[in-house]
Amino acid sequence: MSAQLTFAAPRRAKPPRHLADLSPDERREAVAALDEKPFRADQLSRHYFGRLVDDPADMTDLPAAVRDRLVAELMPSLLTSVRDQVCDEGMTRKTLWKAFDGTLIESVLMRYPDRVTMCVSSQAGCGMNCPFCATGQAGLTRNLSTAEIVEQVVAGARALARGQIPGGAGRVSNIVFMGMGEPLASFNNVVRAIHRFSDPSPAGLGISQRNITVSTVGLVPAIGRLTDLDLKVRLAVSLHAPDDELRDELVPINTRWKVAEVLDAAWAYADRTRRRVSIEYALIRDINDQAWRADLLGRLIKGHPVHVNLIPLNPTPGSKWTASRPTVQTEFVRHLEAHGVPVTVRDTRGQEIDGACGQLAAMPQEAPLRSQQG
Ligand code: SAH
């Protein structure tokens with residue numbers, strides 16, 4: 001069986017069609033098919049992407065009857081907020097969303113002094129089964145539609161524009177596909193979402209592709225397809241181990257595509273896009289944090305346009321693993337830097353609200369997650 005088939009999401013009812021699923025031309029066609037003037041599509045886009053309107057009553061340039069019809073057909077409500085959790089004095093906000101079919105997903109907004117990053121989900125659940133990540137433990141429910149991905153950011157942008165996030169009115173500046181799911185396993189929807197994010201307003205949100213990061217476990221053929229699209233998004237590769245023996249365990253898809261193949265695909269991406277690739281490496285105490293592994297990693301990647309992002313392991317229910325000791329972490333950084341590799345350690349924002357990397361599990365209550373092994 002091909003990898004594509006193996007990782008295909010289960011068949012389910014499709015989310016309703018939405019403006020954000022469509023390119024500007026497709027929107028005009030959709031409006032024309034409803035016997036309305038094509039320019040109405042541009043008006044809808046301006047409301048949704050430009051003015052971030054969510055109440056149809058505010059679309060006063062559309063005659064009421066036209067408005068009701070177009071909103072029903074092209075702007076159905078896709079995600080309902082079930083719960084917001086905040087920390088960092090409100091600067092970090094995790095939202096639990098319910099989709100049309102009851103599926104639960106999460107997104108996280110993080111405000112920093114100089115930027116606002118939205119961490120979005122591309123799938124409900126995840127099929128990659130990495131044992132240290134909470135999302136993978138319940139498996140994959142389904143892919144999110146393009147519009148369901150876009151709506152997470154539009155909702156964040158709306159809250160910022162309306163001054164609902166402390167720090168005054170603001171805008172979303174960065175997007176990371178680091179929420180639930182493996183973005184490259186839902187390739188077309190994710191690529192379409194990237195266009196909606198980066199198309200200039202009001203066709204899209206006008207966020208530079210350079211400020212959008214796609215993080216992947218390393219689906220090699222899909223990295224190749226992304227390379228061929230010549231986008232300007234940043235690619236992050238979740239490596240977590242420099243050797244196949246350990247990576248087979250930490251990132252099970254490694255049994256299909258090995259470390260060397262993943263890195264080759266990453267270098268090809270960097271070469272084509274002229275963008276530095278990020279290597280994500282969760283530091284797990286006594287598992288992958290040995291100085292010799294830092295050296296091995298350093299030897300593998302030095303001389304390439306790369307940057308290593310170390311992520312102190314965030315705790316997840318049912319996992320026996322924990323973050324590295326501070327002294328061990330410092331040594332790991334030192335060994336990598338000795339190879340001339342740029343390294344940063346990611347902050348653990350959102351840990352208090354289970355909103356940090358690998359903690360998104362979309363639990364409706366605060367119930368503990370059942371361990372897969374248990
Ligand atoms: N499926 C994509 C995006 C998922 S999450 C991917 O794997 O890249 C974004 C990052 O968080 C990934 O690098 C992922 O490996 C990491 N991560 C997952 N669980 C974690 C945990 N418990 N602590 C720290 N990082 C974690």
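Ligands are counted one by one from 1 in listed order, and the atoms in each one are counted from 1 as well. Numbering of residues begins at 1 and proceeds along the displayed sequence. Hydrogens, waters and symmetry mates play no part in the numbers below; they use all other heavy atoms, side chains included.
- Look at M128 and you'll find every heavy atom at least 4.0 Å from all atoms of ligand 1.
- Electrostatic pairing of D21 and R192 does not count as a salt bridge here, judged by no charged N lying under 4.0 Å from a carboxylate O.
- Close approach of ligand 1 to C133 (heavy-atom distance below 4.0 Å) involves ligand atoms 18 (C), 19 (N).
- Salt-bridge formation is not detected for the pair R325/E331: no Lys NZ or Arg NE/NH1/NH2 atom is positioned less than 4.0 Å from an Asp or Glu carboxylate oxygen.
- Residue S238 has at least one N or O atom closer than 3.5 Å to an N or O atom of ligand 1.
- Less than 4.0 angstrom separates some heavy atom of T316 from each of these atoms of ligand 1: 22 (N).
- A salt bridge links D42 to R28: one of the charged nitrogens lies within less than 4.0 Å of a carboxylate oxygen.
- Looking at V237 against ligand 1, nothing comes within 4.0 Å, counting heavy atoms.
- The ligand atoms of ligand 1 that sit less than 4.0 angstrom from a heavy atom of V217 are 6 (C), 7 (O), 8 (O).
- Closest protein heavy atom to atom 5 (S) of ligand 1: M178 O, 3.5 Å.
- Of the heavy atoms in I311, only side-chain atoms (C-beta onward) come closer than 4.0 Å to ligand 1.
- With H240 contributing its side chain and A282 its backbone, the two residues share a donor-acceptor pair below 3.5 Å.
- The neighbour count for K302 NZ, taken as heavy atoms of other residues, nucleotides or ligands under 6.0 Å away, is above 12.
- Contacts between Q359 and ligand 1 below 4.0 angstrom, taking non-hydrogen atoms only, are absent altogether.
- A tilted orientation is assigned to the rings of F177 and F197, their planes being inclined by 30° to 60°.
- Residue contacts with ligand 1 for E280 involve side-chain atoms from C-beta outward but no N, CA, C or O (heavy atoms, distance under 4.0 Å).
- Between S122 and ligand 1 there is no heavy-atom distance shorter than 4.0 Å.
- For the 3.5 Å distance criterion, the side chains of T216 and E182 qualify, holding a donor opposite an acceptor.
- Heavy atoms of H240 approach ligand 1 to within less than 4.0 angstrom.
- Proximity of S107 to S121: side-chain heavy atoms (C-beta onward) are nowhere separated by under 4.5 Å.
- Nearest to atom 2 (C) of ligand 1 by heavy-atom distance, out of C357, A323, G179, S215, is S215.
- Protein heavy atom nearest atom 19 (N) of ligand 1, with residue, atom name and distance: G358 CA, 3.0 Å.
- Using a cut-off of 4.0 Å between Lys/Arg side-chain N and Asp/Glu carboxylate O, D88 and R93 are scored as not salt-bridged.
- Within a 6.0 Å radius of NZ in K14, other residues, nucleotides and ligands contribute 12 heavy atoms or fewer.
- For a threshold of 3.5 Å applied to N or O pairs, the pair formed by N314 and ligand 1 contains at least one separation below that value.
- Protein heavy atom at the shortest distance from atom 17 (N) of ligand 1 is F132 CE1, 3.8 Å.
- Scanning all heavy atoms of the two residues, the minimum distance from I353 to V86 falls at CG2-O, 3.7 Å.
- Under 4.0 angstrom from ligand 1, the non-hydrogen atoms of L313 come from both its backbone and its side chain.
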